[in-house]
Structures are given as C-alpha cells and as structure tokens.
Amino acid sequence: MAATDLERFSNEEKRNLSLGGHVGFDSLPDQLVSKSVTQGFSFNILCVGETGIGKSTLMNTLFNTTFETEEASHYESVVRLRPRTYDLQESNVHLKLTIVDAVGFGDQINKDESYRPIVEYIDTQFENYLQEELKIRRSLFNYHDTRIHVCLYFITPTGHSLKSLDLVTMKKLDSKVNIIPIIAKADTISKSELHKFKIKVMSELVSNGVQIYQFPTDDEAVAEINSVMNAHLPFAVVGSTEEVKVGNKLVRARQYPWGVVQVENESHCDFVKLREMLIRVNMEDLREQTHTRHYELYRRCKLEEMGFKDTDPDSQPFSLQETYETKRKEFLGELQRKEEEMRQMFVNKVKETEAELKEKERELHEKFEHLKRIHQEEKWKVEEKRKELEEEMNAFNLRRVAVETLQSQSLQATSQQPLKKDKDRKK
Ligand code: GTP
Ligand code: MG
C-alpha cells in the first residue's frame, strides 16, 4: 500500500478506543497488602540494658502478653545474646516476633569488650541473609529474616549523665541498627530531674556523634506526629504487667504506698508514645531502614572486602563476570606461586635431609673405622698374649719333662738302693 493510501485509510478507519470496563491496576496496592498479609511479617527487637533494668517487663507490657523469661544472674563472664521467637497474631496478621536479650550486659568488671558480642550477633544475621541472597537457589520468600530491626537501648535513670559504656556501645551499634534510646524505670526519677536528664542524654549523644533512629518525616501522613515524637526522645518508660483498679477501670500500673503510676497514662510516662512509634506508626520504616541502610552498608563492605567492585580504577563499569575472572586469575596465580613455593620447600627439605644423612653416614663410617682399629689392636694384643702363653706353656712343658726325667731318675735310684742293702746284708 502506498503512503497516501495508508494516510487516507487511517483517517477513514480511525476508531477511538475507550475502556470497556474497569482495568484494575489501581488494585495493585490491595494485591500487595493481601500478599504481604498471607506471607506474614517478621520483626526483631534487640534489648540492650543492664541486668534487671526492666527489659522483659517492658516487652511483656508492649505486646500485652507474658513471654517466657528467666532472670539473668549478675555473674555472666561475657555478654551473651539470647534470641527467642514467638508467633503472634492480631486480626488476620501474623507476626513472627524475635526478642533478643543481651544477657549479662554491664555485669563484667572489664566492660571494654561488652559491645563486641552484640555487634557480632547483628553482623551474623546480616551475613546469613547475604549468604541466602548469594545462593543460586534463593528462597528469600519464605526465609526467616533474623536481621535486627530495632535496638531498644535501656538507659539507667541515674539523673546524671550517660555512662561511658552506654556511649561506646551505642556508637559501635549506630551504623548497624536503628537505635531507640529509652530511659527505663522512669518512675524512679522526679519530673523535673527527668526533663533535665532527657536534655542531658540527647546533648551527650549529639556531642559524641551517636546517630540514633529518627522517626521519618518525609511521609506526609506521619510527618507531624513523627516530628513531635522526635522531640520527645529518649522516651521515659515504665513497665508493668500488674493490673490496678483506677476509678472503675483496670489499668496496667505500678502501685506504691503513696500512689499509682499508670503505664498508659501519658502524663505519667512515655510508654504510649513508644508503643505508638514502634508498633503502630514506624514498624515498617524500621524494617525498611534495616534493609536499605544498615544491611546495604554491611553488604557493600562485605562484597568490597571480597574484592567485588562496581567500577574499575578508570571509573568504568566493572561487571561481576569481570570481577570473577580477575579474582579467578589472581587466585590461580596465587595458587601457582604457593605450589612453586611448596615445591621449592620440598626440594630444600630433601636436600637438607640428604646432607644430614650423608653426615650421619660419614660419622657411622668413622665410628666403624675406629671400632675396627680398636678391634684390630685388641686382636694383636690377644695374639701376643696367646704367643706369650704358648711360650710359657712350652717352657712349662720343658720344665715338666725335665722334672719328670729327674723324678724317674731319682725313682730308679731309690729302687736300686734296697738291692744294694740286701747284697750288703748277705755279705
Ligand atoms: P534481666 O533479664 O534479668 O536482665 O532483667 P530485665 O531487664 O528483664 O528486668 P525485669 O523485667 O525482669 O525487671 C526486673 C525488676 O524491675 C522487676 O522486679 C520488675 O518488676 C522491675 N521493673 C520492671 N520495670 C520497671 C519499671 O518501669 N519501674 C520500676 N520501678 N521497676 C520496674
Ligand atoms: Mg529479662
């Protein structure tokens, strides 16, 4: 068909298509929600704080349940990480919740290395995820993600300042996990002291360059509440699983001889703020930050450490294949070098052993010659002795013969003498 015909045809036959019905890609978010709900969620909380600071009580209060728990002793020689996983369900949403306790934190005399087991635990979870990602047959879909999404750092309510252990630990953790600092047992500190303590803690964190988790303010829906809450950090919390009757309602509270501290009363403590921020508003952001910020950093460092890079020295893109080839060549070269080194070592060893053997042979030979000489000398001596003895024997024999001859002569002589006497008598 000529071009003009085509033009005419297209003008005459042009139809305007309009949608016959609802196409439905606006249901994509619903599909995503339904898929995620079926899949379930995992959320992992790390509790770091001194023994007996109220970690387990707070977890029980937060999730309104009684998790299995055992009191830690103050005699742990090192900090030990103890994870426990629970399956929770609210309406039709399944949550695999892992609570990891840093058992024995702050109990050692030397606290220099207290942060190390915590850092190692976090890294191990990242490493497990990375290994799963690098597998040929990955099963990230049903992989139990154990990466820590949030670290609740329990600050002792001293009213003074942060301990150096707190600062060092938070500094070591801040690039690996979202830290939410909380002042524990806030009922043990007065209102004005608490206010000053909060300011002090925040200024110390800033002056020491500790990056704590900031509730995100880029999403309009939560920007306002999150920015207000950021100003309330660190949250001062009270935990309790005890129920006390206030008015005609049963509320969770701590009862003292002088009154009642209500856990969910915002004028008593920040527990509700923490629960809102952690569970209702920012749980997904905490999960996302863990994946996109902390895990990404770990992954990048780890892959770079393994020799992978995105660009070559001239900033040209460098593919995984090229990296692999270079690494393989490097590895083979190294292998060859090592082989040569070992061969050389083996040759040297053989030479050394040969020389040693030769030396030993020479020594043995000398010893043999020496013994031979001694033996020869001994033989000569024995020979001489034998000759001497033979001579002595000969002389002895001669003497014996002479003695025998003499004896026989004298015998003869004595036997002839009676005859002579007889003759004499006869005469
Ligand atoms: P370990 O796991 O042994 O390190 O202890 P923990 O940090 O889990 O502390 P736990 O929750 O077992 O609480 C220790 C004690 O502190 C218990 O007697 C709690 O009742 C008490 N406690 C917990 N939370 C609070 C609080 O907010 N205020 C006060 N005053 N006491 C609390
Ligand atoms: Mg506990």
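If you're wondering where the values come from, they're calculated on a predicted model, not measured in any experiment. For the single chain, residues carry numbers from 1 onward in sequence order. For ligands, and for the atoms within them, numbers begin at 1 and follow the listed sequence. Both backbone and side-chain heavy atoms feed into the values below; hydrogens, waters and symmetry mates do not.
For a distance bound of 2.8 Å, the N, O or S atoms of T51 include none lying that close to the Mg ion (ligand 2).
Within 4.0 Å of ligand 1, the residues that place a heavy atom are T51, G52, I53, G54, K55, S56, T57, E71, A72, K185, D187, T188, V238, G239, R254, Y256, listed by chain and number.
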**Report entry** Pair K200-H195, side-chain contact (heavy atoms from CB on, under 4.5 Å): steps then yes or no
**Finding:** CA-CA 9 Å; K200 186 93 201 261; H195 181 66; over 6 Å; no
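Crowding of E363 atom CD: a count of heavy atoms from other residues, nucleotides or ligands under 6.0 Å exceeding 12. For R138, the CZ atom sits in a loose shell: 12 or fewer heavy atoms of surrounding residues, nucleotides or ligands are nearer than 6.0 Å.
Between E266 and K273 there is a salt bridge, since at least one side-chain N of the basic residue sits less than 4.0 Å from a carboxylate O of the acidic one. Using a cutoff of 4.0 Å between basic side-chain nitrogens and carboxylate oxygens, E264 and R275 are scored as salt-bridged. Ionic pairing of E361 and K358 is not present here: no N-O contact between side-chain nitrogen and carboxylate oxygen is shorter than 4.0 angstrom.
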